[in-house]
Every structure is written in structure tokens, then in C-alpha cells.
Amino acid sequence: MIDDRTFVIVGAGLAGAKAAETLRAEGFSGRVVLLGEETERPYERPPLSKGLLLGTAERDNVYVHAADWYRRHDVELRTATPVRAIERAGHRVRLADDSTVGYDRLLLATGAEPRRLPLPGDVAYLRTLADSQHLAGGLRDGARLVIVGAGWIGLEIAAAARERGAAVTVVETAPLPLHRVLGDRLAASFAAMHAAHGVVFHFGRQAAEFRADGVVLDDGTLCPADTVLVAVGVRPRTELARAAGLAVDDGILVDHGLRTDDPDVFAAGDVAAVDHALFGHRIRVEHWATAIDTGAAAARSMLGQEVAYDRVPYFFTDQYDLGMEYAGWIPPGAEPDLVIRGDLDGREYVAFWHDKGQVLAGMNVNVWDVNESIQELVRARVPVDPARLADPSVPLADLANA
């Protein structure tokens, strides 16, 4: 029997596309409407700061599904269709052209947007496929790029730009890149790697003025630039949810089934602040794997299946000859101890953050086929002897199964 319900997904990014895919894979035969603001069909964002900038990835390969997938799976994909409001009482969403679409269940996968600096000037941000293509067009031999922000995105762009021959300057308020995430020792390693590839850093500084000839720092230094990119993080796009009266803080608040405080409205992806079933804490993660996992979990929850979201957060980066995977979550305010297994100076190691032996997170750098074991250690939530964590002769799988 055909289901006569309508499920509407607001946000045609990775989370929204995976939710639509999961609905069909789980046998939902009702109407699926996928609404996106961009003119592009859903695509993945990691290549925007990696392969597309380097020229090693083809544009067609960034899309989540083939162009005809939506038609073949009877998913109504509407691109260039902003949603203006959620009318919960009437169970409908109002579009920018003032038309409406009714829903029985609604998924908000509205994502995040770059944080912007309160300074006038012609600067670039990286969030969309169009942004990446525009930035790539300026990365040529001898071009001058100034990046404001030394987080993961800023460093990935710096690496891609250097490999394409551009001169790169990075401005960062912290004392080292990724300092808040990695701490002194590992952050210093990333700084040294980029410096060895010719990146010039200005730590402890911030942009004071954007000019046609570059960026003026707060100490008066001029950093000449042909292109200025601001990469100081993102913020969740919660405006629709907030205006609709849904519970919002740092993201849309959802339970471990990805449900909001309205039983017919769900949230997934960058915008969802999830009551995590494993960590017993509300967390919001802005990474590729979380978009995939929460999109699928939300779809199953919309179908009435029992869902207790407990996936270990995961992300990866590629910079020059460094490949890295990170899994885990460190609670706010925690001060875990760091253990290094392997060769930090040679950039071939596994780092663990632990609290009295309990592994909170792990990062494998140029060491492969170990991330599953790292995730098992995080999931186990039991003490491990730090000396065994640091000992390369002890297989990680043995620690995870001890």
C-alpha cells in the first residue's frame, strides 16, 4: 500500500540528500520533497578545500547522487528554492515566492554558514561550490593569498594554494594553528609543516582593515594580497527554527532520535545539536561524516524506528603529504593528557587524548587502518594504561578489545 504522507526536507546538502536516500532505502513510498537554496543538486563539501582547489578532483565527482537519481527515486528536488518560514500549526513550509508545501514530517538540514568579520572590504569565504571555483581561479603561480584563520579549512586552503604556486600568508589570533583543538605540541608540528612549505604566519594578530592591496593587521603590518580569504569558522543556520518557536541554542536542539521539541520536526547535519546517546552530552559537530550519519538516522526516526544516535564523531584532512583522521569528542572544559605513539617529528604517529586512561579522542597521522580501533577505544569508555597506548608494539586492536 502506498503511503500518503509527505516528508519535507529543508536543506539540499549532504545531510538532506542522505536522509532522502535513506527514506527510500527503508521502503518509504510517500512523497519526499527536498528543498535547496543553491542552484546545484546536493554535493559534498570536503573537496571544496581539497581536490577541487588542487585540480585533482573532477567537479562531477562532488555530487552526492547522479543527476537522474532524484527522478529515478521519485524525490522532488527543488533547487534555488529558499524557505521563508515554517508554519507548524498548519504543517507546512512557506517558500520565498509565498507558495507553501505541506508536510507530515519535516527535517531541517539547513547547515551552517561562514562567520563573517565586521570589517568592510572585498574578501572571500569558502562554503559553496561556486566559492571554491572562484577561489581556485585565483590560485596561480605567484598569486598572493592571505588567509584569516588557521583552523582546518584555512590550513587545507593554504596547502592547496602553496602546491599551486601561490604565496600564502596566514593570520591567526591564537599562538599556533589549531591551538584550541590540538594543544601546543601538535599545533607546533602543523605550524612547522606549513612553514617548511613556505607559508608565512602572523600569530597573535588579527585583521584590522581590508584594503585593495591587502590586509592591515592590528599592529599596523600590511600583508599584501591579490585575494583575501576569511576562514574563522561557521555558525549554524537556526533562523528558521528559531522563528518557528523550536528550541535553539548552539544549533537546533534535538534528542538522541534527532527529534526537536515538536514531534513532527527533526534536524540533522551541521545545524543539529544532538543529545548524544554515547557521551550523555549535547554536541554539535560540523563534519562530513556527521552529515551522513545524522541524515540517515533522522530519516529512520521520521519513519518511527527506534533511533539512539551514538556515532563517534569523525573527520579527516589532507595537507601536502599529510593525511589525517580524527575520531572522538573532548568535553568542553576538559584538560586531557596527550600520548603520542610513533614519530611526531616524522609526521607518522597516532595521538591520543585521555582522562586517567579513558580515551576521549584519537588522531592517526599518516598511519592507516587504525581509525576503527581508535573509535572502539573511544566507545569503550574504560581506562587503558597510557604506557600501552604509547607503545607501538601493542596492537591498537588489542587495546580496544582488552
Side-chain angles (χ1 to χ4, degrees), residues 14-15 18 45-46 109 111-112 151-153 155 174 177-187 190 233-236 238 249-258 267-298 301 307-317 324-341 349-365 367 370-384 386 389 396 399-400:
L14 180 57
K18 284 298 180 180
R45 298 191 191 277
W152 294 113
I153 297 298
L155 293 188
L178 303 167
H179 188 254
R180 182 181 61 82
V181 179
L182 300 182
D184 292 343
R185 192 175 174 192
L186 296 179
F190 275 83
V234 299
R235 67 171 194 84
T238 59
D249 189 7
D250 176 33
I252 301 172
L253 306 187
V254 294
D255 65 13
H256 55 248
L258 288 303
D270 289 357
V271 77
V274 184
D275 185 6
H276 201 279
L278 175 62
F279 300 123
H281 197 286
R282 188 174 298 283
I283 69 173
R284 187 176 66 82
V285 179
E286 300 160 354
H287 295 301
W288 165 85
T290 301
I292 295 173
D293 295 338
T294 58
S301 192
V307 172
Y309 187 78
D310 66 350
R311 298 298 293 267
V312 175
Y314 165 91
F315 73 93
F316 68 96
T317 190
M324 181 278 283
E325 298 175 290
Y326 179 106
W329 177 74
I330 298 174
E335 296 183 1
D337 293 315
L338 175 67
V339 166
I340 303 293
R341 165 189 286 237
Y349 61 91
V350 181
F352 294 101
W353 288 266
H354 71 92
D355 180 10
K356 298 181 178 64
Q358 180 182 323
V359 176
L360 304 177
M363 181 174 79
N364 51 296
V365 175
V367 177
V370 297
N371 197 263
E372 183 175 329
S373 294
I374 292 172
Q375 293 197 37
E376 289 175 1
L377 281 169
V378 172
R379 185 173 291 280
R381 300 173 68 81
V382 296
V384 178
L389 279 177
L396 288 182
L399 294 176

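Computed over heavy atoms, backbone and side chain alike; hydrogens, waters and symmetry mates excluded. Quick note: residue numbers are just sequence positions, from 1.
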(Q) Determine whether a donor-acceptor pair (N or O, by modelled atom type, separation under 3.5 Å) exists between the side chain of Arg284 and the backbone of Val271. (A) no
Q.
So does Gln358 get a backbone contact from the side chain of Asp355, meaning a donor-acceptor N/O pair under 3.5 Å?
A. no
Q. How long is the gap from CD on Glu286 to CZ on Arg235, to the nearest 0.5 Å?
A. 11.5 Å
Q) Can you name the residues that form a salt bridge (charged side-chain N to carboxylate O under 4.0 Å, His left out) with Arg45, not counting sequence neighbours? A) Glu38
Q | Qualifying residues under side chain to side chain contact (heavy atoms under 4.5 Å, CB included), relative to Pro331, sequence neighbours excluded | A | Trp329, Ala334, Leu360
Q) Can you tell me if Ser301 uses its side chain to pair, donor with acceptor, with the backbone of Val307 under 3.5 Å? A) no
Q.
How long is the straight-line distance from CG of Leu258 back to OH of Tyr309, given to the nearest 0.5 Å?
A. 7.5 Å
Q) Taking side chain as C-beta onward, heavy atoms only, is Arg381 less than 4.5 Å from Phe279? A) yes
Q. Would a 4.5 Å heavy-atom cut-off, applied to side chains only, mark Glu376 and Leu396 as touching?
A. no
Q. Regarding Asp310 and His276, is there a side-chain donor-to-acceptor distance under 3.5 Å anywhere?
A. no
**Q.** Shortest non-hydrogen contact between Gly251 and Pro236, atoms and distance
**A.** N-CG, 3.7 Å
Q: Determine yes or no for a side-chain-to-main-chain donor-acceptor pair under 3.5 angstrom, with Thr294 supplying the side chain and Gly269 the backbone.
A: yes
**Q.** Asn364/Met324 under side-chain contact (heavy atoms from CB on, under 4.5 Å): CA gap, chis, key distance, verdict
**A.** CA-CA 6 Å; Asn364 51 296; Met324 181 278 283; over 6 Å; no
Q.
Using 0.5 Å steps for rounding, measure from the CD1 atom of Ile340 to the CG atom of Leu389.
A. 11.0 Å
Q) Can you name the nearest heavy-atom pair linking Ala268 to Ala298, along with the distance? A) CB-CB, 4.1 Å
(Q) Rounded at 0.5 Å granularity, tell me how far CD1 in Ile252 sits from CG in Asp270. (A) 11.0 Å
**Q.** Qualifying residue, where the test is ring pair (Phe, Tyr, Trp, His ring centres under 6.0 Å) with Tyr326 and the options are Trp152, Trp353, Phe352
**A.** Trp353
Q) So do the side chains of Ile283 and Pro313 get within less than 4.5 Å of each other, counting heavy atoms only? A) yes
Q: Return the minimal non-hydrogen interatomic distance between Ala112 and Val234, and the atom names on each side.
A: CB-CG2, 3.7 Å
Q | Shortest non-hydrogen contact between Phe316 and Pro46, atoms and distance | A | CZ-CB, 4.0 Å
Q) Where is the tightest heavy-atom contact between Arg311 and Arg379, given as atom of each residue plus distance? A) CA-NH2, 3.9 Å
Q: Determine the minimum heavy-atom distance between Val370 and Val367, stating which atoms define it.
A: CG2-O, 3.9 Å
Q.
Exactly one of Leu182, Val350, Val181 should register a side-chain contact (heavy atoms from CB on, under 4.5 Å) with Met363. Which one does?
A. Leu182
(Q) What I'd like to find out is whether the side chain of Glu325 reaches to under 4.5 Å of the side chain of Tyr314, using heavy atoms alone. (A) yes
Q. Are Asp250 and Arg282 close enough for a salt bridge, meaning some N to O gap below 4.0 Å?
A. no
Q | Heavy-atom side-chain contact between Leu186 and Leu178 under 4.5 Å | A | no
Q: Please tell me if the side chains of Leu399 and Val359 come closer than 4.5 Å, counting only heavy atoms from C-beta onward.
A: no
Q | Any side-chain heavy-atom pair of Val384 and His354 under 4.5 Å | A | no
